[in-house]
There are 2 protein chains.
Amino acid sequence: MKNKELRKVGLKVTIPRIKILGILESNPNLHLTAEEVYRALLESGEDIGLATVYRVLTQFETAGLVKRHNFEGGSAVFELDDGAHHDHIVCLECGHVEEFVDDVIENRQKAIADQHGYKITDHSLIIYGSCSRHECPHRNEEG
Amino acid sequence: MKNKELRKVGLKVTIPRIKILGILESNPNLHLTAEEVYRALLESGEDIGLATVYRVLTQFETAGLVKRHNFEGGSAVFELDDGAHHDHIVCLECGHVEEFVDDVIENRQKAIADQHGYKITDHSLIIYGSCSRHECPHRNEEG
DNA sequence: ATGTATGCAAAACATTTGCACCTGG
DNA sequence: CCAGGTGCAAATGTTTTGCATACAT
C-alpha cells in the first residue's frame with residue numbers, strides 16, 4: 001500500500017504523492033523524466049502541476065524511495081529505489097535503458113575508493129551504446 | 001604547440017581556441033565547468049564571451065580534444081582528452097576529483113554490454129564519496 | 001484548526017542560438 | 001577577400017521558488 005510507504009518515510013499522504021508513486025510503480029523498468037511523469041499524470045486524468053512533480057520526486061529521492069540519474073541528454077530520469085543497487089546500460093539511439101549488477105565491478109570499486117582514501121557514498125556506472133542487435137520498440141518512433 | 005593540435009583537428013587557429021586550450025592544459029588534473037574556464041580567461045585578461053567558451057568546448061569535444069562529464073550538481077565539467085580513458089572518483093564534500101583506470105572493470109563492462117546485446121559507445125563510471133582521510137585543500141573554503 | 005502541500009507563474013540556472021561585426025588563411 | 005569565428009543579447013530547456021489557496025491530520 002502506497003499510504004504506508006509514504007507514512008514510513010514521514011511524508012503526508014496526498015493525492016499527488018500517491019499518484020506519482022503509482023506511476024513509478026507501474027513502470028518498474030522505466031526511467032522517467034519529470035516531464036514524462038507529469039504527462040502520465042495528465043493522461044490518467046490527474047491535474048497535477050509540473051512543479052509538484054519535481055517537488056515530490058525530489059522529496060522521494062531524499063526519502064530514499066526514488067533514485068535520480070543524470071544520463072546524457074538534458075533531463076534527469078527517476079526510477080523507484082527498491083534498495084537493490086544496480087547500474088545502467090543506455091542506448092544512445094533510442095534511449096532504452098537496461099539494468100545490471102556485477103559483483104566483480106562492485107568489489108573493485110570498493111577497493112579503488114579505499115586505495116584513494118575515499119569513503120564511498122554512492123557510485124554511478126553508465127554504459128552507453130547502441131542496442132541495434134535487439135529489436136528496440138522505440139526504433140520506429142523516429143520516422 | 002597548440003596551433004598544431006588545432007590544425008590537426010581542422011579548426012581555425014583563433015585566440016579564444018588557443019587560450020581555452022591553454023587553460024585546460026595548465027590545469028591537467030582539474031575538471032572545469034564552462035563558467036570556470038570563462039573566469040580563468042577573464043583573469044588572464046582575455047575578453048572572451050561565455051557563449052564562445054561553450055562553443056569552443058563543444059567543438060573540442062567533437063574533435064576529441066576534450067571530454068565532457070556530467071557529475072552531480074548542475075554544470076558539466078570539461079577536461080583535456082589525452083586519449084587515455086579513465087574514470088573518476090569525486091568527493092561530494094569538496095568537489096575534489098581523482099582519476100583511475102581499472103582493467104578488471106573495463107573488461108567486465110565489455111562483457112556486460114555484450115551479454116545485453118549492446119555495442120559500447122562509451123561509458124561513465126563515477127564513484128562518489130568523501131575524501132576525509134586525506135587533507136583536502138578545499139576543506140577550508142567553507143567557513 | 002493549522003501547518004504543510006499544491007498550482008500557477010515567475011525566477012533561476014545552464015546552455016544554445018541569431019545576428020552584426022571581426023579575423024585568420 | 002571570404003568563410004568562418006566571435007561577442008552580445010535574447011531564446012531555450014530544465015528545474016526551483018514565491019505566494020495565495022486547498023488539503024491532510
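Below, read A as the first sequence line, B as the second, and so on, with proteins coming before strands; counting in each chain starts at 1.
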Separation of atom [atom1] in [X] from atom [atom2] in [N], rounded to whole Å:
{"X": "B:Ile48", "N": "D:dC8", "atom1": "CD1", "atom2": "P", "answer": "11 Å"}
{"X": "A:Ile15", "N": "C:dG7", "atom1": "CD1", "atom2": "P", "answer": "10 Å"}
{"X": "A:Asn70", "N": "D:dT15", "atom1": "CG", "atom2": "P", "answer": "8 Å"}
{"X": "B:Asp47", "N": "D:dG7", "atom1": "CG", "atom2": "P", "answer": "7 Å"}
{"X": "B:His69", "N": "C:dA14", "atom1": "NE2", "atom2": "P", "answer": "19 Å"}
{"X": "B:Asn3", "N": "C:dG25", "atom1": "CG", "atom2": "P", "answer": "8 Å"}
{"X": "A:Tyr38", "N": "D:dG13", "atom1": "OH", "atom2": "P", "answer": "16 Å"}
{"X": "A:Leu11", "N": "C:dA5", "atom1": "CG", "atom2": "P", "answer": "7 Å"}

Which is it for B:Leu80 and B:Leu21 under the side chain to side chain contact (heavy atoms under 4.5 Å, CB included) test, yes or no, and what are the steps along the way? CA-CA 8 Å; B:Leu80 224 52; B:Leu21 203 47; 4.0 Å; yes

Below 4.5 Å, heavy atoms only, C-beta onward: do B:Ile48 and B:Lys19 meet side chain to side chain? yes

Nucleotide of C:dT6, D:dA24, C:dT15 approaching B:Leu50 most closely (side-chain heavy atoms): C:dT15

Consider the side chain of B:Thr58, meaning its heavy atoms from C-beta on, and name the nucleotide among D:dT16, C:dA5, C:dT16 that approaches it most closely. C:dT16

Within the structure, does a side-chain N or O atom of [X] lie under 4.0 Å from either OP1 or OP2 of [N]?
{"X": "A:Tyr54", "N": "D:dT16", "answer": "no"}
{"X": "A:Ser75", "N": "D:dT14", "answer": "yes"}
{"X": "B:Thr14", "N": "D:dG5", "answer": "no"}

Base, sugar-phosphate or nothing for B:Ala76? Non-hydrogen atoms, less than 4.0 Å. sugar-phosphate

Sugar-phosphate, base or nothing in reach of A:Arg7, heavy atoms under 4.0 Å: sugar-phosphate

Do the side chains of B:Glu79 and B:Lys67 get close enough for a salt bridge, i.e. N-O under 4.0 angstrom? no

Ion pair check, B:Arg39 and B:Glu43, cut-off under 4.0 Å: no

The test is side chain to side chain donor-acceptor pair (under 3.5 Å); show your working for A:His85 and A:Glu99 and say whether it passes. CA-CA 10 Å; A:His85 165 77; A:Glu99 303 178 348; over 6 Å; no

Hey, is the side chain of B:Arg55 pairing donor to acceptor with the base of C:dG18 inside 3.5 Å? yes

More 5' along DNA chain C: A:Val53 or B:Lys12, using each one's nearest nucleotide? A:Val53

